[in-house]
Amino acid sequence: MISLNRSIYLSNAGISGSCSPFSGRQRGVVPSAPSSLRVVAVNSNRDLNGSVVMESTLKEMRDATNVIDVDANANDAAAVAGGSHDVYGEDMATEDHFVTPWSLSVASGYSLLRDPHYNKGLAFTDKERDAHYLKGLLPPTVISQDLQVKKMMHIIRQYQVPLQRYMAMMDLQERNEKLFYKLLINHVEEMLPIVYTPTVGEACQKYGSIFSRPQGLYVSLKEKGRILEVLRNWPEKNIQVIVVTDGERILGLGDLGCQGMGIPVGKLALYTALGGVRPSACLPVTIDVGTNNEKLLNDEFYIGLRQRRATGQEYDELLHEFMTAVKQNYGEKVLIQFEDFANHNAFDLLAKYGATHLVFNDDIQGTASVVLAGLVAALKLVGGTLADHTFLFLGAGEAGTGIAELIALEISKQTNMPVDDARKKIWLVDSKGLIVSSRRESLQHFKKPWAHDHEPIKTLLDAVNDIKPTVLIGTSGVGRTFTKEVVEAMASFNEKPVILSLSNPTSQSECTAEEAYTWSQGRAIFASGSPFPPVEYEGKTFIPGQANNAYIFPGFGLGLIMSGTIRVHDDMLLAASEALAAQVSQENFDNGLIYPPFRNIRKISAHIAASVAAKAYELGLATRLPQPKDLVQYAESCMYSPSYRSYR
Ligand SMILES: O=C([O-])CC(=O)C(=O)O
Ligand SMILES: [Mg+2]
């Protein structure tokens, strides 16, 4: 064994030098002065002796200036401590809450090449190859990260099938994390439809067959009573955002059970690429309580529990254990984003944990915020105030009622009108027709506020012709429901009908961009949840906008994290909407757009984060004090950079 002179070594692995029993990585710290070299390594595995060790280790780490991450083998740590390697590490973020000693780091030799967090592939310089035992492990050429991006884009573009591109991207994420993010950030408009909607939907449907290396954390009914232990198996300790699904309503594709994991993984990739939250602070979780999807239950490659969904008390207890364990393990400032739960659980979970945890439902609140932003921007094109408009929704689930409520709140705020009166400008149609007061008794609780006095109406077309909305919003999860007659009716009494087809993925969109523009003779202000290519109509090119919560949640989450906010408040959603709407330029408006292009998303996210944080400070919900003077600049300074660091 290599002796650990003047070293402290905290772990249950012992420092015997024999093969480490760890499956997780170990992290270490080396203070700058070589004369007082010390290594503090922490085993992230379950045999770590709980929070006491963590706390003392964290303190040791805070005292240190250089941080390393020692891969799997205790000998590496010893070698580094003995000074035989150069010590290198990522820059520590200056702000305390972004100091994540557990994830700052190095490994060496072969294990460095196999560690996606630190691998640079052919971009390792000759000096680095010398210093870190990489000689001979790579071919002689050294190339830049930019050339790597170019090469990877060349490879990806050769795949014609989107799912193959998705798999190539996931493979890259597992091989070289910084290159993955560099590529995603630099080519965001091209790659978003691959790592996100629509391709991620297909990936979830086929997850069992394409599954190679597991991503994210699976919490199944089998783990009931031991969820804290499961959380502690995750190699990263300083988690700031969790995206969790139970897979019951994946996009508009329905119950995909455990295979819904693609969604938390994809959403968190966007947290990093679009919002700058560091990857090591992100935890994707899928709660597996079974599935009612017969096809999956009979699929030999299905990866989840082969049973029908647990409901009622069994479900509630598992979720409660999870929520409690998360708070216990990561503290109260970890953001828990609920994603793609079915309506009947989504509203209840948000209500139940809204007062005790930092929770956010992307489908209810994120979608609401992005749509409100689009509507505020659309007013520049269609005129009037929000209160002057009439809104009709097809679909009265999470997205529909969430958006409707936020519009009502904004109208009420702008006009001082009671929210109840503002709600009267908004109408919802569900599978049984227009939601009206005579249906109140049989309505689910989240639909009741929308049961206005009116004769029953059965179809969307009749509702459109009767209500004469200026804005038509599709949140039904059912494709091609905005028929030619519906769009033509909208265009018959609106000079510029606002039509939003929000259901995802593309196959579930209420109408296509082409249909919206042609059936309205080029007059529609159109946006959709999943992307559509530009449309040529009568010699003019129309560029459809993408009203997807991806504009909001990355910046929204960053704003909460960077301000140490402990609860989400509706006013923060309104602040996020206003910030996004303010990013739409005159040039965008001139092109009929109500959203700014995704290529500027990091700047947009910084503005959203700043507005959300400012609101949190105003409401007394932010704990990071003092408040930074320039919140936009501060948000930008907090963002993860995908550029390689030099390993000294
Ligand atoms: O994932 C997306 O593209 C938007 C979303 O939250 C959903 O459709 O559930
Ligand atoms: Mg969703």
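For ligands, and for the atoms within them, numbers begin at 1 and follow the listed sequence.
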> What atoms of ligand 1 come closer than 4.0 angstrom to any heavy atom of K267?
Replying inline: 1 (O), 2 (C), 4 (C), 5 (C), 6 (O)
>> For D571, is there an ion pair with K413 - N to carboxylate O distance below 4.0 angstrom?
In response: no
>> Before you tell me yes or no, could you show the steps for K603 and Q583 under side chain to side chain donor-acceptor pair (under 3.5 Å), namely the whole-Å CA-CA distance, both residues' side-chain angles and the distance that decides it to 0.1 Å?
In response: CA-CA 9 Å; K603 177 175 152 266; Q583 294 298 310; 3.2 Å; yes
> In terms of residue, atom name and distance, what is the protein heavy atom nearest to atom 2 (C) of ligand 1?
Replying inline: Y196 OH, 3.2 Å
> When you check the gap from the basic side-chain N to the acidic O, do R278 and E236 get nearer than 4.0 Å?
Replying inline: no
>> Please list, in number order, the atoms of ligand 1 under 4.0 Å from a heavy atom of D362.
In response: 6 (O)
>> Below a 4.0 angstrom heavy-atom separation, can you tell me which part of R249, side chain or backbone, both or neither, approaches ligand 1?
In response: side chain
>> Within the 4.0 Å heavy-atom shell around D363, which atoms of ligand 1 are there?
In response: 5 (C), 6 (O), 7 (C), 9 (O)
>> Using the rule given for side chain to side chain contact (heavy atoms under 4.5 Å, CB included), can you reason through E515 versus R480, listing the C-alpha separation, both sets of side-chain angles and the distance that settles it, and then say yes or no?
In response: CA-CA 10 Å; E515 288 165 347; R480 306 299 174 269; 4.0 Å; yes
>> Under a 4.0 Å threshold between the charged nitrogen and the carboxylate oxygen, would K615 count as salt-bridged to E578?
In response: no
> Which atoms of ligand 1 are found less than 4.0 Å from any heavy atom of T197?
Replying inline: 3 (O)
> Looking at D255 and R249, does any basic side-chain N land under 4.0 Å from a carboxylate oxygen?
Replying inline: no
> Side chain, backbone, both or neither: which part of D340 has a heavy atom under 4.0 Å from ligand 1?
Replying inline: side chain
>> Which residue and atom name correspond to the protein heavy atom nearest atom 4 (C) of ligand 1, and how close is it?
In response: N504 ND2, 3.2 Å
>> Can you name the atoms of ligand 1, numbered from 1 with element, that are less than 4.0 Å from a heavy atom of E339?
In response: 6 (O)
> Looking at D340, which of its N, O or S atoms is the nearest one to the Mg ion (ligand 2)?
Replying inline: OD1
>> Suppose we only count N/O/S atoms under 2.8 Å; would E339 qualify as near the Mg ion (ligand 2)?
In response: yes
>> S501 and side-chain contact (heavy atoms from CB on, under 4.5 Å): which single residue from P544, S530, S509 fits?
In response: S509
>> Of all the N, O or S atoms in D363, which has the shortest distance to the Mg ion (ligand 2)?
In response: OD1
> Does N549 approach ligand 1 within less than 4.0 angstrom via side chain, backbone, both or neither, non-hydrogen atoms only?
Replying inline: side chain
> Would you call R175 and D171 a salt bridge, using N to O less than 4.0 angstrom?
Replying inline: yes
>> Heavy-atom distances under 4.0 Å decide this one: backbone, side chain, both or neither, for N548 against ligand 1?
In response: side chain
> side-chain contact (heavy atoms from CB on, under 4.5 Å) with Y595: which of N548, V370, I604?
Replying inline: V370
